[in-house]
Amino acid sequence: MKKKVEVIIQARMGSTRLPGKVMLNLCGKPVLWHVLQRVKQAKKVDDIIVATSNLQADDIIADYLNSIDTKCFRGDESDVLSRYYYATKKYPADAIIRITADCPLIDPNVIDDVVSCFFTHSCKYASNFSQKRSFPRGLDCEIFSFQLLERAFHEATEDFEREHVTPFMYWKQHKIATIENKEDYSDMRWTLDTLEDFELIQAIYHQFYHGEHNFYMKEIYSFLKSNPQIMLLNQEIQQKPVK
């Protein structure tokens with residue numbers, strides 16, 4: 001029997017470095033809309049849910065999702081692990097893909113490769129970064145079984161384990177798998193956390209987006225390598241540590 005795979009995209013308005021980033025206007029649409037369109041292209045995904053918080057500030061996200069007929073689950077702001085668990089209880093699946101809404105360059109091909117790795121290795125957790133990072137930051141993708149999610153929900157006690165959802169899974173689960181890119185693109189930063197990140201992402205979208213999401217990791221990488229001045233836009237930005 002085919003296993004059901006769903007994506008849960010976590011989204012909130014309360015970013016400390018760039019508040020409201022997931023609803024910023026990117027080529028006429030919110031960043032979150034672009035993330036959804038790219039995730040929908042993944043062939044190995046059966047369902048998509050956006051998980052936001054119960055805070056009034058996130059009403060704008062829930063209202064927007066309702067207007068575009070997209071499933072939304074609302075839960076605890078800081079205990080994002082519980083948000084994933086209860087979202088999956090409401091929308092059951094055998095395996096859950098975690099993606100964040102600040103990744104408008106997420107690659108559906110990478111998502112499918114991570115899903116294939118997960119099932120090929122018959123593991124409970126797989127990603128494209130947990131053991132070794134070789135993909136650009138902003139293309140992060142994780143998949144885990146509902147059983148492992150349930151275990152983490154009941155056993156994870158550290159605040160950072162509950163805020164970041166998966167550290168308990170990849171630090172305390174022995175059977176995990178990681179895919180690696182053929183070339184090391186780990187020095188690339190394509191996620192959205194600061195104004196500088198947004199300027200880089202805007203430059204990429206202005207180059208490629210003409211109503212269709214038909215540009216992926218290799219095209220973006222080649223464009224940036226040919227335009228090093230664009231790569232410099234967010235070169236000094238440091239990723240906030242998990243703990």
Side-chain angles (χ1 to χ4, degrees), residues 7 9-11 15-45 97-117 126-143 164 178-242:
V7 172
I9 302 170
Q10 63 189 72
S15 169
T16 54
R17 293 204 279 187
L18 188 60
K21 61 184 178 180
V22 302
M23 295 300 290
L24 288 176
N25 186 321
L26 180 60
C27 292
K29 296 284 188 179
V31 165
L32 178 57
W33 182 86
H34 291 288
V35 176
L36 285 164
Q37 302 316 303
R38 294 179 75 85
V39 171
K40 286 177 182 177
Q41 293 183 11
K43 297 180 175 64
K44 299 183 184 296
V45 169
I97 299 168
R98 176 179 176 254
I99 289 173
T100 56
D102 53 6
C103 296
L105 296 172
I106 191 74
D107 192 319
N109 304 296
V110 174
I111 295 173
D112 283 338
D113 287 345
V114 172
V115 175
S116 294
C117 173
S127 77
N128 63 341
F129 68 87
S130 58
Q131 292 175 306
K132 180 181 179 180
R133 179 177 291 280
S134 56
F135 288 86
R137 192 175 293 277
L139 267 62
D140 291 5
C141 176
E142 306 173 273
I143 181 172
H164 297 283
T178 305
I179 67 166
E180 294 184 20
N181 197 29
K182 291 180 180 179
E183 297 181 57
D184 186 359
Y185 293 172
S186 60
D187 61 328
M188 294 281 184
R189 179 181 173 83
W190 301 353
T191 189
L192 175 57
D193 201 30
T194 67
L195 184 58
E196 293 86 351
D197 294 331
F198 191 51
E199 290 172 350
L200 180 138
I201 290 168
Q202 281 183 311
I204 294 169
Y205 264 77
H206 289 157
Q207 171 68 21
F208 289 107
Y209 182 71
H210 305 289
E212 292 186 59
H213 290 88
N214 54 4
F215 52 101
Y216 307 106
M217 179 175 65
K218 290 182 180 179
E219 293 92 335
I220 298 168
Y221 179 82
S222 296
F223 169 67
L224 292 175
K225 279 296 185 181
S226 300
N227 296 272
Q229 74 280 5
I230 296 176
M231 284 200 297
L232 291 174
L233 289 171
N234 68 349
Q235 189 177 55
E236 302 301 318
I237 303 302
Q238 298 294 317
Q239 188 71 12
K240 292 190 294 184
V242 169

Nearest heavy-atom neighbours spanning Arg38 and Pro108: O-CB, 3.4 Å
Nearest heavy-atom neighbours spanning Ser134 and Ile179: OG-O, 4.5 Å
Of all residues at least two apart in sequence or in a different chain, which pass the side-chain contact (heavy atoms from CB on, under 4.5 Å) check with Ser116? Lys44
Could you measure the distance from the CD1 atom of Ile9 to the CG atom of Leu36? Nearest 0.5 Å is fine. 4.5 Å
Parallel under 30°, tilted from 30 to 60°, perpendicular over 60°: which one fits the rings of His213 and Phe215? parallel
Could you go through residues 26-33 and list every donor-acceptor pair under 3.5 Å that involves a side-chain atom there, pairing it with any protein atom two or more places apart or in another chain?
none

Is there a side-chain contact between Arg137 and Phe129, using heavy atoms and a 4.5 Å cut-off? no
Counterpart residues, side-chain contact (heavy atoms from CB on, under 4.5 Å), relative to Cys141 (two or more places apart): Ile97, Ile111, Val114, Asn128
Donor-acceptor pairs under 3.5 angstrom involving side-chain atoms of residues 195-202: please list them, not counting sequence neighbours.
unit_1 : atom_1 : unit_2 : atom_2 : d
Glu196 : OE1    : Thr194 : OG1    : 3.2
Asp197 : OD1    : Arg189 : NE     : 2.9
Asp197 : OD1    : Asn234 : ND2    : 2.9
Asp197 : OD2    : Arg189 : NE     : 3.3
Asp197 : OD2    : Arg189 : NH2    : 2.9
Asp197 : OD2    : Asp193 : N      : 2.9
Asp197 : OD2    : Thr194 : N      : 3.1
Asp197 : OD2    : Thr194 : OG1    : 3.2

Point-to-point distance, once rounded to the nearest 0.5 Å, from CG of Asn181 to CZ of Arg133: 12.0 Å
Return the minimal non-hydrogen interatomic distance between Cys103 and Gly138, and the atom names on each side. CB-O, 3.2 Å
Separation of Gln229 CD from Met231 CE (nearest 0.5 Å): 9.0 Å
Residues 98-111 vs side-chain hydrogen bond (donor to acceptor under 3.5 Å, both in side chains), sequence neighbours excluded, gives Gln10-Arg98, Lys21-Asp102, Arg98-Glu142, Thr100-Asp102, Asp107-Asn109
Report all side-chain donor-acceptor pairs from residues 218-225 shorter than 3.5 Å, counting only partners two or more places apart or in another chain.
unit_1 : atom_1 : unit_2 : atom_2 : d
Glu219 : OE1    : Tyr216 : N      : 3.2
Ser222 : OG     : Lys218 : O      : 3.1

Between atom CD1 of Ile106 and atom NE2 of His34, what is the distance when rounded to the nearest 0.5 Å? 15.0 Å
Looking at every heavy atom in both Asp112 and Lys43, which two are closest together, and how far apart are they? OD2-N, 2.9 Å
Is a side-chain donor or acceptor of Tyr205 paired with a backbone partner of Pro104 at a separation under 3.5 angstrom? yes
